[in-house]
Amino acid sequence: MSVTFYSKMPPSGADAQATVKWWLGEVLEGREDPEGFFAMCVSILGHLETRSQFLSLIEPLSTGDRLLHTSLTSIYQEYFTKTEDDELELALALSLLDMKGHPLQSPSQESQPLHSGDAQNQRGSVQLNSILKPEGSNCTNQTGSWNRESPPQTAREMEFQISTYPNKQTLGTGQTVCVSEQEGDVDQSQKPKRSKNRRQRRKCTGQHLVGLPRSPSAPPPVLLWFRRDLRLCDNPALVASLEVGAPVIPVFIWSPKEEEGTGITVAMGGACKYWLHQALLCFCSSLEHIGSRLVVLKASTESSLKALKELIKETGARTVLANALYEPWLKERDDLVVSALQKQGVECRMFHSYCLRDPYSVTTEGVGLRGIGSVSHFMSCCRQNPGTAVGVPLDPPVSLPTPAHWPKGVCLDELGLARMPRRKDGTTVDWAVNIRKTWDFSEGGAQARLEAFLHDGVYRYEKESGRADAPNTSCLSPYLHFGQLSPRWLMWDAKGARCRPLKFQRKLAWRDLAYWQLTLFPDLPWESIRPPYKALRWSSDWGHLKAWQRGRTGYPLVDAAMRQLWQTGWMNNYMRHVVASFLIAYLYLPWQEGYRWFQDTLVDADVAIDAMMWQNGGMCGLDHWNFVMHPVDAAMTCDPYGTYVRKWCPELAELPDELIHKPWKCPASMLRRAGVVFGQSYPERIITDLEERRNQSLQDVALVRREFEQYVDKRSGCDLVPLPPRLVSEALGLSHKDGAVVTQGKQFLLPVITRMEFKHQHEDPDADATSNPYNAVLKGYVSRKRDETIAFLNKRDFTASVMHEAVQRKERLNSDYRRMEGLPPSPSPRGRARRTPTAKDRFSIVPGGAVTSLK
């Protein structure tokens, strides 16, 4: 195959030295880089002649271009400072090529300007691609071609893959060498059998990768195992793979059984799988841009460990690197992989990056267990036991060293992550059409959303993050879940913003807290932490569950949120609280049903976060929600003007603001004009007496707490929770780091945060919710306060203005009367100082500019 390099090529009849001098001119004119020129010399002159003639050929540069001369000399010295064994192996390889009739000479045919060999068997050809295409760059051909590939940056940022050995089993493949931009300093880490001081590993950011022929003793490739870390920025495992100094093979293994987890975890629902499919497509493009590719494997009936072992056998890799995951079943899988591979002599390392703090390293030592489950307690534990520093984010690499032979993978579509259901007539149900319109699935999309939020929404986040009708939240949760944005990068950018909302930074602490709880309670997704609440009498009306899932409950705020969830795979945190409260406190449906639906429909479905949230909302988590969202009155906070409901429930768009959240109170004439027909255009309410159902929910809780009094602390009234062995060990002063963990013995019970409403109801189980002084139902706790304050200020402003005008009128009439009667002006009041607008107390100035002059 003939490939044309430039429009201008050396004369076809030129000898070897003339061709080399022509390529040297290309280097001086900037159309070729030093590494490429040296590779050409090796291909044209051969190994021995290059060793004897190269320095004399570049000697004129010592006076004309000293920097280029130094760079070429450095490359020459690096290439020819091999051990005797390497030289013998290379000589053997060259002799085999000569025996087969392929001398490394200058070209003699115009159709093949830079090849060594005849036209029938084109071996040793040099290929130049302006953009690296993995599908076409698979170097598994048996001819041992010299393959030169470049990512789409500049002409100097090229990667050469050279393989001069026709037999992979006996002669090895090409070695990749990192060449720095500074005075041709060559990375020595690629060469085997070197002294320790010459094996310095450097980060490859800002470097170019040049592949040169390598010996069979060259370092084997590194397997970079990607999971939920689909990014180039701030990726510790990726940077560590560059420091090994060997070709890097990025690999993604899909094992459905391992990803799903145990029990009813539903770790990968439909929306999550679709996001993963799109994110992998974007990540493949990112890797192609830096000169690499992603090898995708499917382990349907086998484990990831078996897939890795087969890949290691195929590639000869001796190192596997990955970023750690913290779900208990995945942690167990990773520990098994590390142990099994190390027994085979394969180095396997896991790096921490998915959370700010490794949840398995968090300890309560020095803090105690009081308040456990709250984010304040968790942050205190992290401050008291800081552990490893978070560090600074890592920059992305500009290129990756690639192997000469890529292992065989599968097409991404074969994983079935984005498979759509089909109707009976054969048409496809594209349920993800709105998800595609809403999200950018790439790492660049994550960075763009972060920048947009830090320039706008962050200024309203502290007080208005609950608003569903305004973009006041970051929408970064799916990018964090799939590792397209690292929490460390997010934290540093948030701290560097002009506005630093503590509430936003605490969200990252909430995320780490959720993973810590999941490590303490592995059955968090399906088993209630508080034993008494397992006996709650839940409803079995699955019609209510269907109505809730489809957004047809008859309550506009709940319906709008559930429709947004179905169409876009997301809703903000406040709306998640609203729909969870409605499902649990008003429909009496078990929290596990809500958890499962969220896991299937959220694009950011996170087992740890969702399980912790639904446990707390279901009254059985470590931290009771001290509130219940009212399905109507909560709109005062999140949607006071009905904008959110009008967007997702367009059938109610014509109703006025004050009635759009309670359309059942609209007059028949208003409903007629708005085109609303209950039961047809909009559903009837599935429940009508909210207060009665709320009372029943409280009474059920009081009943189970009295039935299981052994789990209620008589002194404080708090619920008692059995402690996991790890916390017991810490409480007894044993360090789990040393493996000293209590596994048997008496059960330890710990008082945990309990809602005050439940404590009061425990004393009088038959009391209704309205008589409870700690009633937890919230009715727009932000907007209501704001509206009441504004109303109060308006009333005070009006009253003060009227009083001020009356006083001024009285003073004016008195002054006119005294002037008409010839009386002197009335003296100024004495004894008590008169208030003026310049006074520095809050009683001096009245809203609207009115000034009070009377007490």
Side-chain angles (χ1 to χ4, degrees), residues 2-81 104-108 110 112-116 124-132 146-162 176-187 206-213 291 398-399:
S2 63
V3 181
T4 302
F5 283 86
Y6 301 102
S7 59
K8 182 180 178 182
M9 297 299 294
S12 60
D15 59 6
Q17 289 197 4
T19 304
V20 169
K21 290 180 180 179
W22 183 89
W23 280 107
L24 183 58
E26 294 293 298
V27 176
L28 291 173
E29 293 178 9
R31 289 194 291 268
E32 182 58 77
D33 55 10
E35 299 87 354
F37 169 68
F38 182 77
M40 293 299 171
C41 289
V42 174
S43 66
I44 295 172
L45 298 176
H47 180 80
L48 297 178
E49 291 188 11
T50 301
R51 184 168 191 173
S52 61
Q53 300 179 17
F54 183 78
L55 293 179
S56 61
L57 288 173
I58 66 172
E59 180 61 27
L61 297 178
S62 61
T63 57
D65 193 335
R66 184 176 296 274
L67 182 61
L68 179 58
H69 182 269
T70 304
S71 178
L72 290 171
T73 304
S74 177
I75 296 174
Y76 170 84
Q77 293 175 350
E78 163 64 19
Y79 181 71
F80 287 107
T81 51
L104 294 176
Q105 300 175 356
S106 59
S108 59
E110 268 187 275
Q112 295 176 336
L114 286 175
H115 87 289
S116 59
S125 63
V126 184
Q127 302 174 357
L128 174 66
N129 302 315
S130 59
I131 299 177
L132 179 64
W146 288 21
N147 190 4
R148 181 183 178 191
E149 306 162 334
S150 78
Q153 284 103 2
T154 64
R156 290 181 58 82
E157 293 175 358
M158 296 181 177
E159 182 177 41
F160 286 84
Q161 290 299 331
I162 303 175
T176 300
V177 180
C178 292
V179 181
S180 175
E181 292 178 337
Q182 299 178 358
E183 302 182 2
D185 185 21
V186 181
D187 187 358
Q207 297 178 343
H208 306 301
L209 298 177
V210 180
L212 298 175
V398 296
S399 55

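Position 1 is the first residue of the sequence, and the numbers go up from there.
At a threshold of 4.5 Å between non-hydrogen side-chain atoms, the residues Leu45 and Leu57 count as touching. By the 4.5 Å heavy-atom criterion applied to side chains, Phe38 and Thr50 are counted as neighbours.
Each of Val20, Leu28, Leu68 was scored for a side chain to side chain contact (heavy atoms under 4.5 Å, CB included) with Phe37, with one residue passing: Val20.
Taking both residues in full, the closest heavy atoms of Leu72 and Phe54 are given as O-CE2, 3.8 Å, listed atom of the first, atom of the second, then distance. For the residue pair Tyr76 and Arg51, the shortest heavy atom distance occurs at OH-O, 2.6 Å.
Listed by chain and residue number, nothing satisfies the side-chain hydrogen bond (donor to acceptor under 3.5 Å, both in side chains) test with Glu49 (two or more places apart in sequence, or in another chain).
The distance from atom CG of Leu61 to atom OG1 of Thr70, rounded to the nearest 0.5 Å, is 10.0 Å.
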